[in-house]
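Down below is the structure, laid out as structure tokens.
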Amino acid sequence: MAGKIRPVRGMNDILPDQTRAWQYLEDRARRILETYGYREIRFPHLEHLELFARSIGEDTDIVEKEMYTFADSGGEVLALRPEGTAGCVRAAISAGLFRGGGAHRLYYLGPMFRHERPQKGRYRQFHQVGVEAFGPPGPDLDVEQILMAQRLLQDLGVPGLTLHLNSLGQPEDRRAYRGELIAYLEERRGRLCDTCRDRIQRSPLRVLDCKVASCQEAVASAPVITDYLGEASRAHFERVQALLQEAGIRFVHDPKLVRGLDYYTDTVYEWTSDHLGAQDTVVAGGRYDGLVAELGGPATPAAGFALGIERLLALMDSAQIPTEGLDAFVAPLDERAQSVALELSETLRDEGLSAWYHSGGGSLKSQLKKADRLGAAVAVLLGDQELAEGTVTVRDLVQGEQEAVPRDRAPQAVADRLG
RNA sequence: GCGGUCGUAGCUCAGAGGCCAGAGCCCCGGAUUGUGGCUCCGGUAGUCGCGGGUUCGAAUCCCGCCGACCGCCCCA
């Protein structure tokens, strides 16, 4: 294996056999998001490290140990984006999108990078569809986004889903709650696992969903964030739940649901699927009313979600992905037929048909075999006979019938043979 | 970063100390002259992940490294 260069760990090639599913998912996502008025935005994969540190939070795992960071030759400290929201908000601020206070609905598709240990459903380069809406502060926006995500998941036939919902309140609510929680946890320090002991002061919310049994017991009667919500947040959360119920969307209120990014406020949610492994979150999102201001824009409420493409692909019913076939396989039987075959192939494409011009010769038998393997519907054969007569042989590879037709009628003859 | 399982042809895998390392799929060719799919025949292809060690002899046993997968952690 000398000289063979490996792919970077956790970074996967997406091969031709898989790209059809990717394209299908991306097309469906675009179509659905656009019916809700969202428009695509594209922004760099690389940003100043500080953007992520400030938006995601210095003390989060993502910023602390999962980012790909480096100093470029000019000495600027950059990072490959570990998620999309920060860059999206930065781009919107940079473009002055918030001047005038108009509502904006944006979506994006693309790779994100986190230096984690790869496993099923978790990769170092992974792909998300993200949506962000800016302006409206109301709970109805949160619910419309949940409806939109659900439509997408249903459209793609994703099984075994559960929607988990929680509210994190405003920063001051969280601060008050955090104090209470730390006090509670400190009293039970002895019953917590090692990692949770370390977490008490740094990120006490994380202790709540530790999977160690003793931690679960210790935390069973811990204070719950939703008991500490301010009046506005409480009302917001109740309204979200009421609207979800009226929309007929089932959810479970999960008081322990905590997101790994600091910018969330009020509503947070997560869809999990029981058909995945340990990495079972397919969609996650929520409201982040403080982020735009935090990044230097005008105070602007906002909400959004991100969807993991690889995870969704793993869940999708591949049967619904359309297979696009090849219309015509054009076979020049010898060198003399090449120029006519090339020209005929172009004519077929002029008519909107797909044509595989066969280069490389071989016996008619081997060429037909190739046409068959390629899944061509029709083979167009051009040999001495056809050249002499000014015809082509159009062979229907499904029916097994063929006919000789004048060359200029070939496109029509091919089209007639297609389902 | 921690733990477990596993690395043999392009792919899926068999071989578990001893004839030149095997099968299926794929690919290529053939089964009379210009006709695919089914069948049959033949063929190409592997420094058995890499490096050391044990042994008369290692794909097979031992050690190290690398990689993949699964889980922890964390999250999409």
- prompt: Where along nucleotides 1-8 of chain B does protein come under 4.0 Å, by heavy atom, of base (B) or sugar-phosphate alone (S), with - for untouched nucleotides?
  reply: BB------
- request: Please tell me if the side chains of A:Q367 and A:L333 come closer than 4.5 Å, counting only heavy atoms from C-beta onward.
  value: yes
- request: Go through the side-chain N and O atoms of A:S233 and A:D266 and say whether any donor and acceptor fall under 3.5 Å apart.
  value: yes
- prompt: Under 4.0 angstrom, heavy atoms only, what part of the nucleic acid is A:A371 near: base, sugar-phosphate, or nothing?
  reply: nothing
query: Cut-off 3.5 Å, side chains only: do A:Y108 and A:E132 have a donor facing an acceptor?
result: yes
- prompt: Where the side chain of A:R395 meets the backbone of A:A379, is there a donor-acceptor pair that is under 3.5 Å apart?
  reply: no
message: Generate the contact string for nucleotides 28-42 of chain B. Rules: B means base contact, S means sugar-phosphate contact only, - means no protein heavy atom under 4.0 Å.
response: SS----BBBB-----
task: Answer with yes or no whether the side chains of A:S221 and A:Y184 bring together a donor and an acceptor at under 3.5 Å.
output: yes
query: Would you say the side-chain atoms of A:Y263 and A:T85 include a donor-acceptor pair closer than 3.5 Å?
result: yes
message: Any base atoms under 4.0 Å from A:V129, or only sugar-phosphate, or nothing? Heavy atoms, all strands.
response: nothing
- request: Verify the contact: side-chain N or O of A:Q279 to OP1 or OP2 of B:C75, cut-off strictly under 4.0 Å; return yes or no.
  value: no
statement: By nearest-nucleotide position on RNA chain B, the 5'-leaning member of A:G10 and A:V282 is A:G10
message: Within the 4.5 Å heavy-atom criterion, are A:P332 and A:Y357 side-chain neighbours or not?
response: yes
- prompt: Within a radius of less than 6.0 Å around CZ of A:R151, do more than 12 heavy atoms belonging to other residues, nucleotides or ligands occur?
  reply: no
- request: Can you tell me the distance, in whole Å, between the CG atom of A:L208 and the P atom of B:C73?
  value: 14 Å
